[in-house]
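These notes concern the structure reproduced below.
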Amino acid sequence: MIDFRTAQGGQVALEQERLDGLRAALRGSVVLPGEAGYDVARSLWNGMIDRKPAAIVRPAGAADVMQAVNFAREHKLLLAVKGGGHNIAGKAACDEGLMIDLSAMKSVRVDPKAKRARVEPGALLSDFDRETQAFGLSTPTGINSTTGIAGLTLGGGFGWQSRKNGLTVDNLVSADVVLASGECVQASAEQNPDLFWALRGGGGNFGIVTSFEFRLHALGPEVLAGLIVYPFEQAQGVFEGYRAFTAKAPDDMTAWLVLRKAPPLPFLPTQVHGTAVVVVAFCWLGDMAKGQELAAGLRGFGKPVGEHAGPMPFTAWQAAFDPLLAPGARNYWKSHDFKALDRNVERVVGDAVAQLPTDECEVFIGHLGAAVNRVAAGDTAYPHRDVEFVVNVHTRWREPSQDSKCIGWARGLFDALAPHATGGVYVNFMPEDETQRVAAGAYGPNYARLSKLKATYDPENLFCLNQNIAPPGRATAR
Ligand SMILES: Cc1cc2nc3c(=O)[nH]c(=O)nc-3n(C[C@H](O)[C@H](O)[C@H](O)COP(=O)(O)OP(=O)(O)OC[C@H]3O[C@@H](n4cnc5c(N)ncnc54)[C@H](O)[C@@H]3O)c2cc1C
């Protein structure tokens with residue numbers, strides 16, 4: 001017998017033959033504790049999360065996902081779904097439940113003539129970039145190439161191309177979805193349009209996507225991008241310059257700020273390593289000469305202590321932050337949306353950065369606006385269409401003994417920023433303990449419609465391990 005936890009918090013024991021039956025029905029595999037591949041399949045990016053499912057299904061295609069969903073529903077099992085395993089909340093794995101690990105489904109197929117890509121849900125951004133850039137095409141995704149395309153898309157998705165071409169969901173043309181009933185349907189503007197609306201920001205609440213179809217845009221293969229590094233002592237000037245620069249930035253230009261201790265990067269003098277710095281990270285997608293002219297302005301916020309910028313392959317720029325955001329570290333993140341970065345925000349962030357609890361902790365300020373905000377809040381489940389900046393508190397450390405110090409620092413900074421923020425939050429940047437922020441913070445005006453659609457597509461809340469949207473009148477999963 002194999003013991004499983006049920007979605008309602010109870011226990012159910014299944015005979016080995018039932019698992020054998022599931023195994024026999026799949027083109028992919030079932031992996032049990034102790035079997036080869038179990039630990040890799042259950043591992044997540046956030047080293048704080050160490051969950052041990054009773055069984056892991058590794059589907060080879062949509063038919064396997066349908067089998068696994070039917071199996072979970074029929075036995076009322078607690079069900080977790082893993083795309084790239086990057087989500088900070090770590091809900092892609094569960095203790096004693098059934099986990100569906102989609103990482104074997106990685107295909108990315110580009111139709112260059114139609115400018116479309118068909119992408120399976122186990123693909124990482126690096127897989128997507130490699131295949132699409134072979135044709136000089138792309139679509140907006142995130143800034144760290146080891147992130148999974150599935151979770152990123154279902155929450156919204158933004159990065160270096162978003163100011164020009166919108167969110168990832170704004171470029172989703174259709175999706176194949178396995179519903180809680182086990183049926184596989186297509187969602188698009190024409191087919192199941194309500195479901196299509198909900199998928200564009202509603203996370204994993206409505207079904208398991210087995211294929212995404214994206215609209216592609218011409219890009220690169222080279223972009224003008226890089227890092228300009230200022231000493232932390234010049235933060236005030238950098239914020240001033242940054243505010244003025246971003247207020248006038250064209251859609252082709254995106255500039256983020258990163259405040260942290262300088263890593264030992266070869267282009268920085270050794271005496272700067274380990275000291276607090278403010279980094280301007282930028283990417284220009286337009287004409288190179290025009291971009292060079294514009295980027296010169298980013299060097300005038302103070303006296304930079306180092307720079308690594310110039311024309312480079314977009315795929316290289318997409319991987320630029322990978323070493324700093326490698327999997328395995330303990331992580332606790334907090335996030336707020338902002339319409340403007342006023343002096344209060346600057347002061348609060350500055351005070352916190354003066355007391356970074358570890359050398360890996362950082363504050364990331366993401367630059368949105370432009371095309372992202374030219375979509376109405378009700379057009380997709382993702383509602384934050386008036387946000388110009390996202391401030392992310394990335395708390396990273398190695399030792400469990402540092403948990404309370406690091407988490408305390410993140411919460412302190414989050415609380416101090418709250419009075420200046422919109423109150424909204426990007427669902428993909430929420431840690432596990434923010435269930436209370438899902439309705440008002442992550443979805444706001446769109447929550448009521450999402451909750452009604454949850455009742456249509458997943459009335460029993462089979463897909464509960466996510467930032468959970470409950471059907472009306474039911475409690476959300478914790
Ligand atoms: C280092 C780092 C950098 C990041 N940078 C960015 C960024 O630049 N821009 C941005 O927008 N976001 C960014 N994110 C956030 C990222 O979008 C989310 O963490 C996202 O959930 C990751 O997707 P995943 O598939 O890897 O995650 P997973 O942890 O595998 O999945 C997250 C959740 O999505 C659901 N899910 C996954 N696959 C499916 C599927 N096929 N069908 C239905 N539901 C599914 C499940 O509920 C799961 O719990 C970053 C995260 C990290 C850790």
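Just so you know, ligand 1 is whichever comes first in the structure, and atom 1 is the first atom listed for that ligand. Below, each value reflects all heavy atoms present in this structure, side chains not excepted, and no hydrogens, waters or symmetry copies.
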Exercise. How far is atom 46 (C) of ligand 1 from its nearest protein heavy atom, and which residue and atom is that?
Worked result: Val81 O, 3.4 Å
For this session: For side chain to side chain donor-acceptor pair (under 3.5 Å), just list the numbers for Arg116 and Thr139, CA-CA rounded to whole Å, side-chain angles, deciding distance to a tenth of an Å, and then say yes or no.
Result: CA-CA 10 Å; Arg116 294 280 193 273; Thr139 214; over 6 Å; no
Exercise. Tell me, which protein residue and heavy-atom name are nearest atom 24 (P) of ligand 1, and how many Å apart are they?
Worked result: Gly84 N, 3.5 Å
Exercise. Taking only heavy atoms of Ala150, which atoms of ligand 1 are found under 4.0 Å from at least one of them?
Worked result: 38 (N), 39 (C), 41 (N)
For this session: Could you tell me the residue and atom name of the protein heavy atom closest to atom 41 (N) of ligand 1, and the distance to it rounded to 0.1 Å?
Result: Val209 O, 3.0 Å
Problem set entry | Shortest protein contact, atom 14 (N) of ligand 1 (heavy atom only) | Phe429 CE2, 3.4 Å
For this session: Using only heavy-atom distances, determine whether the side chains of Thr358 and Arg398 contain a donor-acceptor pair under 3.5 Å.
Result: no
Exercise. What are the atoms of ligand 1, with element, lying closer than 4.0 Å to any heavy atom of Gly142?
Worked result: 7 (C), 8 (O), 9 (N)
Exercise. Which of the atoms in ligand 1, numbered in the order shown and given with their element, are less than 4.0 Å from a heavy-atom of Pro121?
Worked result: 41 (N)
Exercise. Which residue owns the protein heavy atom closest to atom 29 (O) of ligand 1, what's the atom, and how far is it?
Worked result: Asn87 N, 3.0 Å
Exercise. So, is Gly204 polar-close to ligand 1, with some N/O to N/O distance under 3.5 Å?
Worked result: no
Problem set entry | Arg5/Asp95 ion pair, N-O < 4.0 Å | no
Problem set entry | From the candidates Ile149, Val390, Asn428, Leu79, the one that places a heavy atom nearest atom 17 (O) of ligand 1 | Asn428
For this session: Can you sort out which atoms of ligand 1 are near Ile143, meaning under 4.0 Å from one of its heavy atoms?
Result: 7 (C), 8 (O)
For this session: Specify side chain, backbone, both or neither for Phe463, according to which of its non-hydrogen atoms lie closer than 4.0 Å to ligand 1.
Result: neither
For this session: Take Asn87 and Asn428, measure what side chain to side chain contact (heavy atoms under 4.5 Å, CB included) needs, and give me the verdict at the end.
Result: CA-CA 7 Å; Asn87 197 281; Asn428 274 349; 3.8 Å; yes
Exercise. So does Asp251 pair up with Lys164, basic N to acidic O under 4.0 Å?
Worked result: no
Exercise. Does an N or O from Gly148, backbone or side chain, lie closer than 3.5 Å to an N or O of ligand 1?
Worked result: yes
Exercise. His367 vs Phe389 aromatic rings, parallel, tilted or perpendicular, using cut-offs 30° and 60°?
Worked result: parallel
Problem set entry | Pick from Thr146, Ile49, Leu152: the one approaching atom 12 (N) of ligand 1 most closely through a non-hydrogen atom | Leu152
Exercise. Which of the atoms of ligand 1 are close to Asn144, meaning less than 4.0 Å from one of its heavy atoms?
Worked result: 1 (C), 2 (C), 3 (C)
Exercise. Any Lys/Arg nitrogen of Glu35 or Arg58 sitting under 4.0 Å from an Asp/Glu carboxylate oxygen of the other?
Worked result: no
Exercise. Can you list the atoms of ligand 1 that are under 4.0 Å from a heavy atom of Ile208?
Worked result: 42 (N), 43 (C)
For this session: Would you kindly say whether Arg73 and Asn70 are connected by a side-chain donor-acceptor distance under 3.5 Å?
Result: yes
Problem set entry | Pair Asp170 + Arg215: basic N to acidic O under 4.0 Å | no
For this session: Specify the protein heavy atom at minimum distance from atom 47 (O) of ligand 1: its residue, its atom name, and the distance to 0.1 Å.
Result: Leu465 O, 3.3 Å
Exercise. Are Lys334 and Glu434 within salt-bridge range, i.e. N to O under 4.0 Å?
Worked result: yes
Problem set entry | 4.0 Å protein heavy-atom contact status of atom 33 (C) of ligand 1, strictly under | no
For this session: Tell me yes or no: between the side chains of Asn461 and Asn468, is some donor less than 3.5 Å from an acceptor?
Result: yes
Seminar exercise, completed: atom 28 (P) of ligand 1: closest protein heavy atom, distance to 0.1 Å, is Gly85 N, 3.4 Å
For this session: Could you check which of Glu120, His86, Met105 puts a non-hydrogen atom nearest to atom 51 (C) of ligand 1?
Result: His86
Problem set entry | atom 43 (C) of ligand 1: nearest protein contact (heavy atom, Å) | Gly207 O, 3.1 Å
Exercise. Is it true that Lys339 and Asp386 have a side-chain N and a carboxylate O under 4.0 angstrom from each other?
Worked result: yes
